[in-house]
Each structure stands twice: as structure tokens, then as C-alpha cells.
Amino acid sequence: MDTADRANGTDAPADAVDAITGQWNRERPDLDTLPMAVFGRIYRLSRIMGDRMEKEYQRYGIGRGEFDVLATLRRSGAPYTLSPRQLSATLMLTTGGMTGRLDKLEKAGLLERTPDPGDRRGLRVTLTDKGLGVIDQAVGSGLALQREPVDGLGPQDAEQLAVLLRRLMAATDASGRGA
């Protein structure tokens, strides 16, 4: 283990976040940079894996935004149908943003929009057989891509990390309330 490894207290090599927090520790020793180390790594991991996932989904002719729509329909269970409003709420999109995604996916034959039999002003969005095939392949491929770095942690560490991140998410949500 080299000096940088001993300095960060792990068997993992020092990284760019260590360099940044080290500089802050030198310049402002009064600051606790642990939160910067945690969220800096979360941000960098998200960016790296997001880019990798985007590239993976392109193999199926979709981007992350389209993946999200198809995955939401797929997770809803058979008959894989939701209203545009339900999709917008789940994905936190404006109706305009949702319409653009639905137009693109419908043009590609991955979903169809039909009148809502229970509301003559409403629509229903349904996965087509082609859309079901694409999302099933894309989600499997994306999970395999995510599995690679997670497997490097080992099963116990990966499970512990998932639990810790869930707790961090809850604490982050709670600290943002009423702000």
C-alpha cells in the first residue's frame, strides 16, 4: 500500500476526490471535507455510469429518456399501459417533455397511444410487442453493465453500500424539507 492509499485509510488507490479534499484540507483545515468526499464520488460515479448507460441504450435505438419511459411502462405490469399524466408524474417531466418522448417512441413503433375508454378526453400509452422486446433487452444489458463494478465490491460490501446509500438518501430528503 502506497502513501496515498494509507492516507485515505483504504486499499483503494487515491483518486481525484482525494486530491480535491486534500487541497481543501491544506488551505482550509477548519473545514470538514468528508461530505465533499462522499457527494463528490456519488456525483462522479453517477456521471460515469450515466454516460456508459447512455452508450449501452444506444445499441437498442433509445436514449436514457426513452429508456425511462419504456421502463416505467414495463414495470407497471401487463398490459403495460399508463396515462401520459401517470408517466409524467413518475418521471417528473412536464407534459411537453413527455409528449416529445412519446412522439419519438411511437414513431419508432415502441409504444402506441390510444383513446382512454374511461375518459373520452384522455389517452392511454401502451408498450408494443417491439417496445417490450427492446426494453427487456436494454434493461438486462444495462444491469449487466452496472454489475461489473458492483461485483468488484463483493456481495456483502455491495449490500452494505446499498443500505448506506438508502440511509444517506433518506437523510438528504429529510434535510431538504421545508427549505
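Values below: all heavy atoms of this structure, side chains included; hydrogens, waters and symmetry mates excluded.
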Polar side-chain atom of Arg74 near backbone of Asp136 as donor-acceptor pair, under 3.5 Å: no
With no hydrogens and no angle check, is any side-chain donor or acceptor of Thr21 less than 3.5 Å from a backbone partner on Val17? yes
So with a 6.0 Å cut-off around CD of Glu54, is the heavy-atom count from everything else above 12? yes
Beyond-backbone contact of Arg166 with Met169, side-chain heavy atoms, under 4.5 angstrom: no
With Tyr57, which of Lys55, Met53, Arg59 fulfils side-chain contact (heavy atoms from CB on, under 4.5 Å)? Met53
Between Ile42 and Leu165, is there a side-chain heavy-atom distance shorter than 4.5 Å? yes
Is there a side-chain contact between Asp103 and Arg113 in this structure, where contact means two heavy atoms from C-beta onward sitting under 4.5 Å apart? yes
Here the pair of heavy atoms bringing Thr33 nearest to Trp24 is CG2-CB, 3.8 Å
Check the pair Glu106 / Thr128 against side-chain contact (heavy atoms from CB on, under 4.5 Å), numbers first and verdict last. CA-CA 9 Å; Glu106 188 171 40; Thr128 62; over 6 Å; no
How close do Glu66 and Gly63 get, heavy atom to heavy atom, and via which atoms? OE1-N, 2.9 Å
Could you check whether any side-chain heavy atom of Glu56 comes within less than 4.5 Å of a side-chain heavy atom of Arg52, counting everything from C-beta outward? no
side-chain contact (heavy atoms from CB on, under 4.5 Å) between Leu123 and Arg85: does it pass, once the steps are laid out? CA-CA 9 Å; Leu123 291 174; Arg85 182 174 302 211; over 6 Å; no
Given the rule that I, L, V, M, F, W and Y join up when any side-chain heavy atoms are under 4.5 Å apart, are Val150 and Leu143 in one cluster? no
Check whether any side-chain heavy atom of Leu87 sits under 4.5 Å from a side-chain heavy atom of Leu102, and report yes or no. yes
If I compare all heavy atoms of Pro84 with all of Met98, which pair ends up nearest, and what's the gap? O-CG, 4.2 Å
For a quick test of reading the model, state the closest non-hydrogen atom pair linking Arg124 to Pro115 and the distance between them. CG-O, 4.3 Å
Is atom CG of Asp151 surrounded by more than 12 heavy atoms (other residues, nucleotides or ligands) closer than 6.0 Å? yes
With sequence neighbours left out, what residues match Tyr60 under ring pair (Phe, Tyr, Trp, His ring centres under 6.0 Å)? none
Using side-chain heavy atoms (C-beta onward) and a distance below 4.5 Å, is Leu111 in contact with Lys104? no
Please step through side-chain contact (heavy atoms from CB on, under 4.5 Å) for the pair Ile62 and Leu110, ending with a clear verdict. CA-CA 10 Å; Ile62 58 175; Leu110 301 177; 3.9 Å; yes
To the nearest 0.5 Å, what is the distance between CG (Leu34) and CZ (Phe39)? 10.0 Å
Could you pull out the closest heavy-atom pair between Lys130 and Ala108, with the gap in Å? NZ-O, 3.0 Å
Are Tyr43 and Ile20 linked, directly or through intermediate hydrophobic residues, by side-chain heavy-atom contacts shorter than 4.5 Å (ILVMFWY only)? no
Measuring only between side-chain heavy atoms, which start at C-beta, is Asp18 closer than 4.5 Å to Arg41? yes
Specify the closest pair of heavy atoms between Asn25 and Leu31, including all atoms of both residues, with the distance to one decimal. OD1-O, 4.0 Å
Name all residues meeting the side chain to side chain contact (heavy atoms under 4.5 Å, CB included) criterion together with Arg167; count only those two or more places apart in sequence or in a different chain, and write none if there are none. Val163, Leu164
Test: Arg44 and Asp15 ion pair at under 4.0 Å: no
Among Leu73, Thr126, Thr90, the one residue meeting side-chain contact (heavy atoms from CB on, under 4.5 Å) with Leu82: Leu73
Contact between Val125 and Leu105 at the side-chain level, heavy atoms closer than 4.5 Å - yes or no? no
Give a yes or no on this: more than 12 heavy atoms of other residues, nucleotides or ligands lie within 6.0 Å of atom CZ of Arg120. no
